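Encoded as structure tokens, the structure appears first; notes follow it.
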Amino acid sequence: RQSADQLIIDAGQKQFGATTCASCGMIYSADSLEDNFQHTQYHQRFLDSIKFVGWKKERVVAEFWDGKIILVLPEDPKYAVKKAEDIRQLADNELGFQQISLSCPSKAKTYLFVNHDKMIVGCLIAEHIRQAFRVLEQPERAKDMTKPDFMEHHRAWCCSTVPERAICGVSRIWVFSLMRRRGIATRLVDTARNTFMYGSHLTKEEIAFSDPTPDGKLFATKYCET
Ligand code: ACO
Ligand code: ZN
């Protein structure tokens with residue numbers, strides 16, 4: 001009896017030895033052979049997905065000292081659409097919503113940030129929308145009572161019930177973990193605002209972030225107020 005309990009405790013402690021890979025984001029137990037194997041495989045697939053060999057026809061919509069932004073449209077050649085799809089899947093793995101598909105994939109615009117090491121280090125998927133609901137600040141009391149853990153796993157943000165006019169919905173935004181806090185997401189959103197509608201520049205009020213994660217909310221709050 002006692003030894004069985006002890007086993008359970010040991011098994012539980014192993015879990016605390018979980019490692020998060022700084023590049024691919026996978027959480028695995030470094031002491032487990034099986035986990036190490038799965039990580040190595042996933043890690044390689046991740047690197048293959050973000051690798052960008054260059055295309056004959058690239059729709060470059062912005063250029064910077066550290067990279068460029070390429071726009072992929074649904075009617076583009078298969079290899080381009082496939083790449084956009086691969087990156088969306090990486091982002092979805094990290095965001096944890098594997099099951100949710102785009103509301104209208106045939107109209108979505110994908111912006112890819114490619115750096116000088118030929119890696120896709122950022123992605124923004126924009127869709128046409130008519131209205132959005134503003135995310136409301138958490139009341140102070142609820143903040144104290146909610147464990148950070150809970151907030152991490154359940155995106156329990158309260159939304160206003162009053163619809164507001166919006167044109168461009170950011171359904172996904174993702175930046176490679178080792179390249180964050182270098183303004184890549186900011187430049188992706190700026191570029192989407194400039195190129196989403198031909199010949200017009202969208203204001204910050206005309207774009208909306210759907211279902212933001214804690215990271216997404218911090219970014220969106222900062223972006224919208226500056
Ligand atoms: N914590 C606090 N502030 C932040 C954070 C953060 N994690 N991320 C961005 N900000 C704020 C900062 O004020 C930052 O300016 P500073 O670095 O000068 O302080 C400002 O936003 C601009 O940040 P960027 O460098 O442009 O953002 P970045 O390129 O790092 O990308 C992103 C932000 C996309 C949220 C990234 O952290 C990420 O990919 N996270 C994982 C995926 C995710 O959660 N995506 C959002 C999902 S919601 C949605 O898709 C609609
Ligand atoms: Zn890894």
Side-chain angles (χ1 to χ4, degrees), residues 18-30 32 34-51 62 64-69 84 87-103 108-115 119-129 132-135 148 151-157 159 166-193 196 204 206-226:
T19 309
T20 307
C21 176
S23 326
C24 72
M26 182 170 168
I27 302 165
Y28 65 101
S29 161
S32 153
E34 167 79 19
D35 264 31
N36 273 307
F37 176 70
Q38 291 205 328
H39 170 240
T40 309
Q41 286 209 315
Y42 180 79
H43 194 94
Q44 193 51 52
R45 244 189 301 140
F46 180 94
L47 294 180
D48 287 345
S49 300
I50 67 169
K51 196 163 76 189
F64 306 97
W65 66 275
D66 57 346
K68 60 186 171 186
I69 296 176
I87 299 293
R88 182 176 71 80
Q89 257 165 34
L90 284 188
D92 281 4
N93 277 345
E94 195 168 336
L95 296 173
F97 48 87
Q98 277 112 309
Q99 253 55 267
I100 296 176
S101 54
L102 296 170
S103 60
K109 297 184 177 172
T110 305
Y111 294 85
L112 300 174
F113 191 106
V114 181
N115 74 6
M119 291 196 295
I120 298 171
V121 294
C123 168
L124 181 154
I125 303 179
E127 295 176 283
H128 229 288
I129 56 167
F133 299 91
R134 195 165 291 278
V135 175
M151 299 309 282
E152 202 62 49
H153 298 297
H154 308 257
R155 280 178 244 129
W157 312 114
C159 282
I167 292 169
C168 173
V170 173
S171 76
R172 307 278 194 289
I173 183 156
W174 168 86
V175 171
F176 179 37
S177 57
L178 301 177
M179 297 286 168
R180 287 181 193 159
R181 306 300 288 268
R182 296 174 193 202
I184 292 177
T186 301
R187 287 177 280 168
L188 280 165
V189 182
D190 284 344
T191 304
R193 281 171 56 204
F196 186 76
K204 286 180 181 175
E206 287 168 324
I207 55 155
F209 296 84
S210 71
D211 192 19
T213 57
D215 272 357
K217 197 177 177 241
L218 287 164
F219 166 73
T221 309
K222 181 74 201 307
Y223 183 86
C224 291
E225 79 190 9
T226 48

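Both ligands and their constituent atoms are indexed starting at 1 by order of listing. Counting from 1, the numbers follow the sequence of the chain as shown. Given the structure is predicted, the values throughout are model-derived calculations rather than measurements.
- Angle subtended at the Zn ion (ligand 2) by Cys21 SG and Cys24 SG: 110°, rounded to 10 degrees.
- The cationic group of Arg187 lies under 6.0 Å from the six-membered ring centre of Phe64 and within 45° of the ring axis, placing it in a cation-pi geometry.
- Shortest distance from the Zn ion (ligand 2) to His43 is reached at ND1 (N/O/S atoms only).
- Side-chain contact check for Phe209 versus Phe219: some heavy-atom pair is nearer than 4.5 Å.
- Those atoms of ligand 1 with a heavy atom of Ala185 less than 4.0 angstrom away are 26 (O), 27 (O), 28 (P), 29 (O), 31 (O), 33 (C), 34 (C).
- Listed here is the closest heavy atom pair of Trp174 and Ile120: CZ3-O, 4.2 Å.
- Ligand 1 has no nitrogen or oxygen under 3.5 angstrom from a nitrogen or oxygen of Glu94.
- Between Gln44 and Asp48 the shortest side-chain heavy-atom distance falls below 4.5 Å.
- Residue contacts with ligand 1 leave out Gly122, since none of its heavy atoms falls under 4.0 Å from the ligand.
- Side-chain contact check for Thr20 versus Met26: every heavy-atom pair is 4.5 Å or farther apart.
- Under the 30°/60° scheme for interplanar angles, the aromatic rings of His39 and His43 are found to stand perpendicular.
- Less than 4.0 angstrom separates some heavy atom of Arg172 from each of these atoms of ligand 1: 50 (O).
- Minimum interatomic distance between Ile129 and Ala208 (heavy atoms only, all atoms of both residues): CD1-CB, 4.0 Å.
- For the pair Phe209 and ligand 1, the shortest N or O to N or O distance does not fall below 3.5 Å.
- Here the closest heavy-atom approach between residue Asn36 and residue Ser29 is recorded as ND2-O, 4.3 Å.
- Checked against a 3.5 angstrom limit, the closest N/O atoms of Leu95 and ligand 1 fall outside it.
- The ring of Phe176 has its center closer than 6.0 angstrom to the ring center of Phe46.
- For Arg182, a nitrogen or oxygen atom sits less than 3.5 Å from a nitrogen or oxygen atom of ligand 1, counting backbone and side chain alike.
- Ile87 and Ser49 make their closest contact through CD1-O, 3.4 Å (heavy atoms, listed as atom of the first residue, atom of the second, distance).
- The shortest N or O to N or O distance between Ser210 and ligand 1 is not below 3.5 Å.
- Near Trp174, meaning under 4.0 Å from any of its heavy atoms, are these atoms of ligand 1: 39 (O).
- Below 3.5 Å of separation, one finds no N or O of Val170 facing any N or O of ligand 1.
- Neither the backbone nor the side chain of Pro214 has a heavy atom within less than 4.0 Å of ligand 1.
- An N or O contact shorter than 3.5 Å links Asp215 to ligand 1 by distance.
- The shortest non-hydrogen separation linking Arg193 to Ile207 is CG-CG2, 3.8 Å.
- Taking every heavy atom of Thr213 and a limit of under 4.0 angstrom, the matching atoms of ligand 1 come to 43 (C), 44 (O), 45 (N), 46 (C), 47 (C), 48 (S).
- Heavy-atom contacts of Arg180 reach the following atoms of ligand 1: 30 (O), 36 (C), 37 (O), 38 (C), 39 (O), 40 (N), 41 (C) (cutoff under 4.0 Å).
- Heavy-atom contacts of Pro212 reach the following atoms of ligand 1: 48 (S) (cutoff under 4.0 Å).
- Among Thr221, Val121, Ile173, the residue whose heavy atom lies closest to atom 45 (N) of ligand 1 is Ile173.
- Among the atoms of Leu218, none of the N or O lies under 3.5 angstrom from an N or O of ligand 1.
- Minimum interatomic distance between Ala108 and Ile125 (heavy atoms only, all atoms of both residues): CB-CG2, 3.9 Å.
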